[in-house]
Amino acid sequence: MAGIWFPKTSKGGFDLRYSWEVRDKGINWQPRVPVNSCYWEERIEGLVAAANDRRQSGAFLRLSKTSATHNNWSLPAIGACPVRDESCQECYALSGWYRLDHPRQLDRVLRLEYLQRLIRENKLEVWQDWMVNKLNAVVSEEPFPRALGANALPQSFNDGGAMRYMRWHDSGDLFEATYALAIFEVCEATPSVAHFLPTRLGALIKSLVQKGARIPKNLSIQVSVHYGGKLASVQLQAVHDVLKIQPSARIGLSYVVSGPALRKVDLRAAQQTFGLNAVVCPIITAKAPKDRVCAGCRRCWAADLNAPVIYPKY
Ligand code: SF4
C-alpha cells in the first residue's frame, strides 16, 4: 500500500515530494519526511488496518453517490488517471470530501486494486457480472429528456418511462484498454440504463474504435478538455476520428475553462466561443445547492460534438 502526500503549494497546485509506502511493516517516506511524520504514521497504520478489513470483507465493492448523481463507479484520482492535463491540478477529486473522507478514498483504491488483479488473472468478467446485476437493480429516476437528440438513442430512452442513470468515474478514468472494453460490454448488457462516461482517454477510445470496438448506443462519452491546454487539439481530433468511423456514436467534448468566477458565467460569451448549442453546466451556475444536480439536465448522458458542455474552472 502506498500513497502521495500533497500539501497544497502556494500556487494552489499539489506537491508530490511526500510519498509514502508501507514496506517491511513500517512506513517509508520518499524522498522527504514531513516534520510531523509520527502523527501521520499512526493515521496511516489505522488506514492500512481498515483497508485490510474492507478488502477481506469485500465491502469496497459498491456503487457510490455524489451530491449531483446517484449511481457512480469511483476509482482513485491520479492512480487511475493515465492521461492528465492542466485541469487535473485543481481536480475536485483531490480536495474537499474526496480527500478528507478516508474510508471512501480507501474503497476507491481497493476497487482499482481489485480490477487490476482480475485483469492480471484474466477474470474481469467476474466484475462485469457483478456490475450488470447491480445496475439492473438500481432505482429508475426520471424519463430521458426528449430535447436531447432522441434519434440516435435506443428505444428504451424514448418511451417516456423513468430511466436508470449511471455515471462512470466521478473520480478516476479508463486506466487501461481491457477495462474500457469491459465497460462497453457492461453497457451492452444493461440496455435500460443510460450511461455517461467522462474521460481524458480520447486517444484510447479512438484506438479501440479503429480496432473494431463499437461504442454502445446507451453510452455517452464526453472527452474532457482543458480549453487552450496542451491536449486540446489532440482530444478534438480523437473525437472527430471516432465519429468518422462510427458516425452514430454518442461522443462529444466537455471543456474546462479557466477564468470566469464561480456562478457568474456569461452564457453568451461561452456560446460565442463554443457555438450556439454549448451549455454551461447548471451545477456550476445554480445558486441554490439543491439545484446542483444532474436530474432535470442529463446533457452529459447525450454527448454531441455540436453541443459541448462547459465547466468554468473554480
Ligand atoms: S451539464 Fe448537466 S448532466 Fe452534465 S454534469 Fe452538468 S448538470 Fe450534470
Side-chain angles (χ1 to χ4, degrees), residues 63-75 77 81 87-88 90-93 95-98 135 138-150 152-153 157 162-173 187 193-200 202 218-227 235 239 249-258 260-271 273-314:
L63 298 180
S64 56
K65 289 180 195 265
T66 68
S67 55
T69 46
H70 286 175
N71 306 307
N72 300 269
W73 177 248
S74 198
L75 298 177
C81 300
S87 305
C88 301
E90 297 297 328
C91 175
Y92 63 82
S95 62
W97 279 111
Y98 279 87
L135 288 172
V138 300
V139 174
S140 301
E141 294 180 55
E142 57 179 342
F144 198 80
R146 287 197 179 277
L148 297 180
L153 297 171
F157 284 52
M163 300 279 306
R164 301 185 175 98
Y165 292 88
M166 167 67 174
R167 181 191 171 167
W168 294 87
H169 308 148
D170 58 293
S171 168
D173 206 334
C187 296
V193 179
H195 293 264
F196 158 39
L197 172 69
T199 184
R200 280 186 173 72
N218 58 336
L219 173 61
S220 163
I221 300 176
Q222 290 280 35
V223 176
S224 307
V225 177
H226 185 93
Y227 179 62
Q235 302 285 33
V239 173
R250 291 187 305 129
I251 184 166
L253 292 163
S254 60
Y255 287 97
V256 175
V257 182
S258 302
L262 181 59
R263 310 201 197 295
K264 289 186 184 161
V265 179
D266 182 343
L267 178 59
R268 270 184 307 179
Q271 288 178 333
T273 307
F274 298 102
L276 285 178
N277 295 321
V279 173
V280 176
C281 170
I283 288 177
I284 309 292
T285 52
K287 293 211 167 43
K290 72 175 175 50
D291 296 329
R292 294 174 204 155
V293 294
C294 292
C297 173
R298 301 294 177 190
R299 176 69 63 158
C300 293
W301 279 260
D304 178 347
L305 183 57
N306 297 314
V309 175
I310 314 303
Y311 299 101
K313 192 170 164 186
Y314 57 98

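For clarity, every value in this text was computed on a predicted model and none was experimentally measured. All heavy atoms count here, side chains included; hydrogens, waters and symmetry mates do not. For ligands, and for the atoms within them, numbers begin at 1 and follow the listed sequence. Numbers here simply count residues along the sequence, with the first being 1.
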key: Protein contact of atom 6 (Fe) of ligand 1 - nearest heavy atom, named by residue and atom, plus distance   = Cys281 SG, 2.3 Å

request  = Would you mind checking which non-hydrogen protein atom is closest to atom 5 (S) of ligand 1, with the distance to 0.1 Å?
outcome  = Tyr311 OH, 3.5 Å

Numbered atoms of ligand 1 (with element) below 4.0 Å of [X], judged on heavy atoms:
| X | answer |
| --- | --- |
| Val293 | 7 (S) |
| Val309 | 1 (S) |
| Arg298 | 3 (S) |
| Ile283 | 7 (S) |
| Cys297 | 1 (S), 2 (Fe), 3 (S), 7 (S) |
| Cys300 | 1 (S), 3 (S), 4 (Fe), 5 (S) |
| Arg299 | 3 (S) |

ask   = Is there a side-chain contact between Cys88 and Arg200 (heavy atoms, below 4.5 Å)?
value = yes

Donor-acceptor pair, [X] side chain versus [Y] backbone, under 3.5 Å?
| X | Y | answer |
| --- | --- | --- |
| Thr199 | Asp173 | no |
| Arg292 | Lys287 | yes |
| Tyr92 | Asp170 | yes |
| Gln222 | Leu253 | yes |
| Ser254 | Val309 | no |

request  = State which residue, out of Arg167, Arg164, Glu141, His195, fulfils the side chain to side chain contact (heavy atoms under 4.5 Å, CB included) condition with Asn71.
outcome  = Glu141

remark   = Nearest non-hydrogen contact to atom 8 (Fe) of ligand 1 from the set Pro282, Cys294, Ala286, Ser220 belongs to Cys294

message = Rounded at 0.5 Å granularity, tell me how far CH2 in Trp301 sits from CG in Leu197.
response = 11.5 Å

key: CG on Asn218 to CZ on Arg250, rounded to 0.5 Å   = 7.0 Å

Heavy atom under 4.0 Å from ligand 1: found in [X]'s side chain, backbone, both, or neither?
| X | answer |
| --- | --- |
| Tyr165 | neither |
| Trp301 | side chain |
| Ile284 | neither |

